[in-house]
A.B. asks: 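This is the structure I have questions about; it appears just below.
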Protein chains: 2
Amino acid sequence: MASIKDIARRSGTSPATVSRVINGSGYVSEASRARVQEAIAELGFLPNAGARRLRSGESRMVGVLLPALDVPFFAILAHVIEQALFQAGYQALICCTDESAAAEERYISTLLSQGVDGVIAASVLADGDQYGRLAGVPVVALDRDLPGLAAVKVGADHHAGGRLMAGHLLDQGHSRIAVIGAPAHSAPIQARLAGALERLAEAGHSPVAVALGPVHDFDACRALAEDVLETSPTALIGTTDIAAIGAIHAAIGRGLRVPADLAVIGFDDLPAAAYVLPALTTISQPLREIAAAATAQLIGLMTGAPLPPPAPFALRLVRRETT
Amino acid sequence: MASIKDIARRSGTSPATVSRVINGSGYVSEASRARVQEAIAELGFLPNAGARRLRSGESRMVGVLLPALDVPFFAILAHVIEQALFQAGYQALICCTDESAAAEERYISTLLSQGVDGVIAASVLADGDQYGRLAGVPVVALDRDLPGLAAVKVGADHHAGGRLMAGHLLDQGHSRIAVIGAPAHSAPIQARLAGALERLAEAGHSPVAVALGPVHDFDACRALAEDVLETSPTALIGTTDIAAIGAIHAAIGRGLRVPADLAVIGFDDLPAAAYVLPALTTISQPLREIAAAATAQLIGLMTGAPLPPPAPFALRLVRRETT
DNA sequence: TTGTAGGCGTTATCAC
DNA sequence: GTGATAACGCCTACAA
């Protein structure tokens, strides 16, 4: 790899001048600039990011901590964040913590080692010790609070979303309502559950069953729903679309008709929600908008120009065919 | 951030000794080692990755180039690759090229600047100039060949997969067969199409319609299918599950019954394929296995212990309810 | 307007 | 066993 010394030699200038050209800083004559740029092009020079970071203290990298990428919800967030960061001149270091606190701690060490300029995190950690290590690094909490850290948080109001789900089923005249979902330890899931229970309680009801499992995929949620259906609810709240779709399959497998025998509502409005049959009624949250806002917040923090907190994100009931 | 000098001072040793402790290299007395480790723990020392890279030339980072993360197929690959790399002590630099050659070129510059130790790439590039810049860096091609680069390639045989799709529909007695899919410029998609056409031709048939669009999501594929259904096929090949599911919705929207009026087969066997109704018949490819194999190949290349090329990946017809 | 020199944190070499 | 020391590539005073 060519270095600025090579460029200096080839262009008959000095490393300092080359640096000035690269960074557009200080005075450089047009003649020098042209010769330097020519040499850069000829040698295919690219600055050494490690050396830059060593010298300047800035890495132009951002850590993005997510529980997983093989869950569409997080994959969409990661996609938007990565694109927005790159466009702003930052490289995303995407880390899949795999719902493991130990893994998350190891990732935080790595990010510190890399000297990231900022972090966006959807954490699974229960306490704040780990994020305390990031003191001095701008951090944005995504989708859920960061324990014990007064970081900017960007995400939907999951409690309100839970109320919305319950409210819709109540409006439809249901009273035997069950809740299923996963992963149980997830704060947003817990918040949706709490919101739903609160709304149910206001109507004088309590759920006929609540089942939160550890694994968040179609198969696991379907299995979860099997048990819940024994309690013969007339309506079911899935804390995510994945959970709701799993439950629909459990119901249909038992010969129930959806929504005639069992109404189902989900949460997230993932692309698949509109493309299952019957199409899923769900609460949509503006995922891409949330990801973009989180990135913008972080960039504001990193550049010393913090943004006002984003306006609350609109949750919307999307009525389709399962209620 | 504490440096090895701080650790040296605090432990009454020298930077050299600290380095030896950190890297487990050279001779260090037990007493020194203990004092150094204590100091490291007390100060929460983490080595500066930039300085290491500058000194050693190794970054312990790997570039992962993918068209997108908001497409489940790539998100699953990214997930498995990221996890496997991290476990092996490498950080993944995941780059979403967004199906754009210009973006891919920019990402390659960034990766070079970062001095990545290796690259795994599912490229959208049509020519090999860009990857030529990576000369000297171990590269593994994922899911599709890298133009003009004799890199290791890890992926399924899409042509054979295309034949499998057509063969299954032929077996079911269909002869009015159409093909829809996206994105049109994607090499694997083209290979599946070619395989399907070849198999059809062997049976003396040609497709009643072929429609490949630029955008690969449910909505776009559904729109694509609308036109194709005008040609009243009795069976339809989706070049991916997304395309197939979009097409099913177009068909049902027109009052057709699936599979009675229209049989549909997809490709990939994404989680959603089993959870649409009717459940999708599709060709499954072992996505996670492919991702793991690609990572293993790259690690072999990076550590100077190349692995024999992986055994061909098994494509499997998964018969469900749409044929 | 340009060049020289020093140092960021680390590791490998060499001398003790 | 251990500690100086040099060098990796870059940027920025400072000098010219």
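From a predicted model like this one, the values you see are computed outputs, not experimental measurements. Residue numbers begin at 1 in each chain, while the letters A, B, ... track the order of the sequences.
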A.B. asks: Side chains of A/His216 and A/Glu99: donor-acceptor distance under 3.5 Å anywhere?
C.D. replies: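 On atom types as modelled, these side chains do not qualify, holding no pair under 3.5 Å.
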A.B. asks: Look at B/Arg10 together with B/Glu42 and state whether they make a salt bridge at an N to O cut-off of under 4.0 Å.
C.D. replies: yes
A.B. asks: Determine whether a donor-acceptor pair (N or O, by modelled atom type, separation under 3.5 Å) exists between the side chain of A/Glu82 and the backbone of A/Ile94.
C.D. replies: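 No, because the side chain of A/Glu82 does not come within donor-acceptor range (under 3.5 Å) of the backbone of A/Ile94.
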A.B. asks: Indicate whether any N or O donor in one side chain lies under 3.5 Å from an N or O acceptor in the other, for A/Gln114 and A/Ser59.
C.D. replies: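 Result is no, nothing qualifies.
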A.B. asks: First and last nucleotide of DNA chain C in contact with chain A, 5' to 3', at under 4.0 Å to a heavy atom: what are they?
C.D. replies: C/dT1 to C/dG9
A.B. asks: Using a 4.0 Å cut-off to any heavy atom of chain B, which nucleotides of DNA chain D are the first and last in contact, reading 5' to 3'?
C.D. replies: D/dG1 to D/dG9
A.B. asks: Which residue, B/Val80, B/Ile76, B/Asp143, B/Val154, forms the side-chain contact (heavy atoms from CB on, under 4.5 Å) with B/Ile290?
C.D. replies: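 Result for side-chain contact (heavy atoms from CB on, under 4.5 Å) with B/Ile290: B/Val154.
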A.B. asks: Only one of B/Leu85, B/Ile81, B/Thr295 passes side-chain contact (heavy atoms from CB on, under 4.5 Å) with B/Tyr90; say which it is.
C.D. replies: B/Leu85
A.B. asks: Test your reading of the model: is there a side-chain donor-acceptor pair from A/Thr97 to the backbone of A/Leu66, 3.5 Å cut-off?
C.D. replies: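 Confirmed, A/Thr97 side chain pairs with A/Leu66 backbone.
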A.B. asks: With sequence neighbours left out, what residues match A/Tyr131 under ring-ring contact (aromatic ring centres under 6.0 Å, His included)?
C.D. replies: none
A.B. asks: Take A/Asp70 and B/Arg288 through the test salt bridge (Lys or Arg N to Asp or Glu O under 4.0 Å) and record every step on the way to the result.
C.D. replies: CA-CA 10 Å; A/Asp70 57 358; B/Arg288 288 170 193 269; 3.0 Å; yes
A.B. asks: The criterion is side chain to side chain donor-acceptor pair (under 3.5 Å); which residues satisfy it with A/Ser29, sequence neighbours excluded?
C.D. replies: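 A/Ser29: side chain to side chain donor-acceptor pair (under 3.5 Å) contacts with A/Ser32.
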A.B. asks: Measure from the side-chain N and O atoms of A/Ser113 to the backbone N and O of B/Leu46, and report whether any donor-acceptor pair falls under 3.5 Å.
C.D. replies: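 Checked: no pair found.
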A.B. asks: For B/Arg33 and B/Val21, which heavy atoms make the closest approach, and how far apart are they?
C.D. replies: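 Looking at all heavy atoms of both residues, the closest pair is CA-CG2, 4.1 Å.
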A.B. asks: For B/Pro47, answer base if it contacts any base atom (sugar-phosphate contacts may also be present), sugar-phosphate if it contacts only those atoms, and nothing otherwise; contact means non-hydrogen atoms under 4.0 Å.
C.D. replies: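 The answer is sugar-phosphate, as B/Pro47 gets under 4.0 Å only of primed atoms, P, OP1 or OP2.
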A.B. asks: Please report the closest heavy-atom contact between B/Pro308 and B/Gln297, naming both atoms and the distance.
C.D. replies: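 Minimum heavy-atom separation between B/Pro308 and B/Gln297: O-NE2, 2.9 Å.
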A.B. asks: Please list, by residue number, the residues of residues 49-61 of chain B whose heavy atoms come closer than 4.0 Å to an atom of DNA chain D; answer none if no residue qualifies.
C.D. replies: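 Hits under 4.0 Å, by residue number: B/Leu54, B/Arg55.
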A.B. asks: Looking at residues 106-115 of chain A, who's got a heavy atom less than 4.0 Å off DNA chain D?
C.D. replies: none
A.B. asks: Which residue lies toward the 5' end of DNA chain D, B/Ser14 or A/Ser25, if each is placed at its nearest nucleotide?
C.D. replies: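 The residue mapped nearer the 5' terminus is B/Ser14.
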